[in-house]
Amino acid sequence: MDYESILKEIYSEVKPIISEGKLFSDIPALALVPINKFGMAIKTVQGEEFTIGDSNESFSIQSISKVFTLVMALKEWGDKLWKRVGRDPSGNAFNSLVQLEYERGIPRNPFINAGALVIVDCVISSKLDNAKNAVLETVRNLSGNHFLEFSNEVAISEKKTGFRNAALANFMKSFGNIHNDIDLLLDTYYHQCALMMSCVDLARAFIPLANGGVMLNPPKTILTRSQAKKINSLMLTCGLYNAVGDFAYRVGLPSKSGVGGGIVAVIPNILSVCVWSPGLDGFGNSLAGSLALELFTTKTGLSIF
């Protein structure tokens, strides 16, 4: 497969819409990112890499980080995790409180904000010494980039406007589904969302999900093949907020997006691919990034279907 030529074709075709969409203004620091950025990176299970555009520029990965904490929690807790969080699409916005009242504090899935907070609570319970450092070390090891850091500017910006996340955490604690201190929970969550990574970093970090749970370099088992399959299935059904059905129809890949404009997708046994373009559609997903991944599956003929 000539991935290099395909990336050039994709870049040419999405260029007219790269500056369209809206920056995510709910987190003030994200509203300052230049909207004309675009990068894309591919990592194959054979170890090859292909890039185009701003693929080495770091950005705030936001909700993509929820996959990393889910990896950590699933390794530690196994299927006991699903007593505290569901595995179904929510059908509502990523920061909605609506369903928690009816479902007694059990979030629909690990990728909406409420579910991600429960997952972080599980990580804190396992890593009481320093959960933030544990998250950072996990991501550094998965990506092979040991210089990755949190953006304190983004984390502070999230804290200043994080009223809804605080409400979600307190509401779930009232049902007994948050076990740790709320301030510690929110601080850890804001920092994981403020991780700064590039398309290349993310494509490398997601390779275990494309490779049956195994890192490439050095070869190391991160998850069982079954656990990798479970996370991929959740990305397919829940990874794009409430646009997940349309995205699955158009793209056909397990994916996870973030309001920083990144989307990472996986083709099991073949590759992982990351695209970044900060202009968002009405659902909070990258406008040009979504089109780029749709073009990628169309041009390569690769999907899970």
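Quantities reported herein were computed from a predicted structural model and do not represent experimental measurements.
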Spell out, as yes or no, whether a donor-acceptor pair under 3.5 Å connects the side chain of [X] to the backbone of [Y].
X      : Y      : value
Glu76  : Ala73  : no
Trp77  : Val123 : no
Ser290 : Ala288 : no
Lys256 : Gly239 : yes
Ser303 : Thr297 : no
Asn109 : Ile112 : yes
Asn145 : Asp201 : no
Arg108 : Pro89  : yes
Asn130 : Asn133 : yes
Ser125 : Asp121 : yes

How close do [X] and [Y] get, counting heavy atoms only, and between which atoms?
X      : Y      : answer
Ala203 : Ala41  : CB-O, 3.9 Å
Leu148 : Met196 : CD2-O, 3.4 Å
Leu195 : Ser65  : CD1-CB, 4.3 Å
Ser255 : Ile263 : CB-CG2, 4.1 Å
Thr69  : Val135 : CG2-CG2, 3.9 Å
Leu209 : Asn232 : O-ND2, 2.9 Å

In this structure, are over 12 heavy atoms from other groups packed under 6.0 Å from [X] atom [atom1]?
X      : atom1 : answer
Lys173 : NZ    : yes
Tyr249 : OH    : no
Glu153 : CD    : no
Glu4   : CD    : no

Using a distance-only test with no angle check, is there a side-chain donor-acceptor pair under 3.5 angstrom linking [X] and [Y]?
X      : Y      : value
Ser157 : Tyr190 : no
Ser63  : Lys66  : yes
Gln192 : Gln62  : no
Asn56  : Ser198 : no
Asn177 : Arg84  : yes

In Å, rounded to the nearest 0.5 Å, how long is the span from [atom1] of [X] to [atom2] of [Y]?
X      : Y      : atom1 : atom2 : answer
Asn285 : Phe283 : CG    : CZ    : 8.5 Å
Ile42  : Ser55  : CD1   : OG    : 10.5 Å
Cys193 : Asn113 : SG    : CG    : 7.0 Å
Leu142 : Met215 : CG    : CE    : 6.0 Å

Q: With sequence neighbours excluded, tell me which residues meet salt bridge (Lys or Arg N to Asp or Glu O under 4.0 Å) with Glu137.
A: Arg140
Q) Do the ring planes of Tyr3 and Phe50 sit parallel (below 30°), tilted (30 to 60°) or perpendicular (above 60°)? A) tilted
(Q) Over 60° means perpendicular and under 30° means parallel, so tell me whether Tyr11 and Phe38 are parallel, tilted or perpendicular. (A) parallel
Salt bridge check: are [X] and [Y] linked by an N-O gap of less than 4.0 Å?
X      : Y      : answer
Glu48  : Lys43  : no
Lys230 : Asp79  : yes
Asp281 : Lys22  : no
Glu13  : Lys299 : yes

Note, [X] side chain near [Y] side chain (heavy atom, < 4.5 Å):
X      : Y      : answer
Ile119 : Leu81  : yes
Met197 : Ser143 : yes
Leu117 : Val120 : no
Gln227 : Thr224 : yes

Q: Could you pull out all residues at least two apart from Phe247 that satisfy ring pair (Phe, Tyr, Trp, His ring centres under 6.0 Å)?
A: none
**Q.** Pair Ser19-Asn36, side chain to side chain donor-acceptor pair (under 3.5 Å): steps then yes or no
**A.** CA-CA 5 Å; Ser19 294; Asn36 61 346; 5.6 Å; no
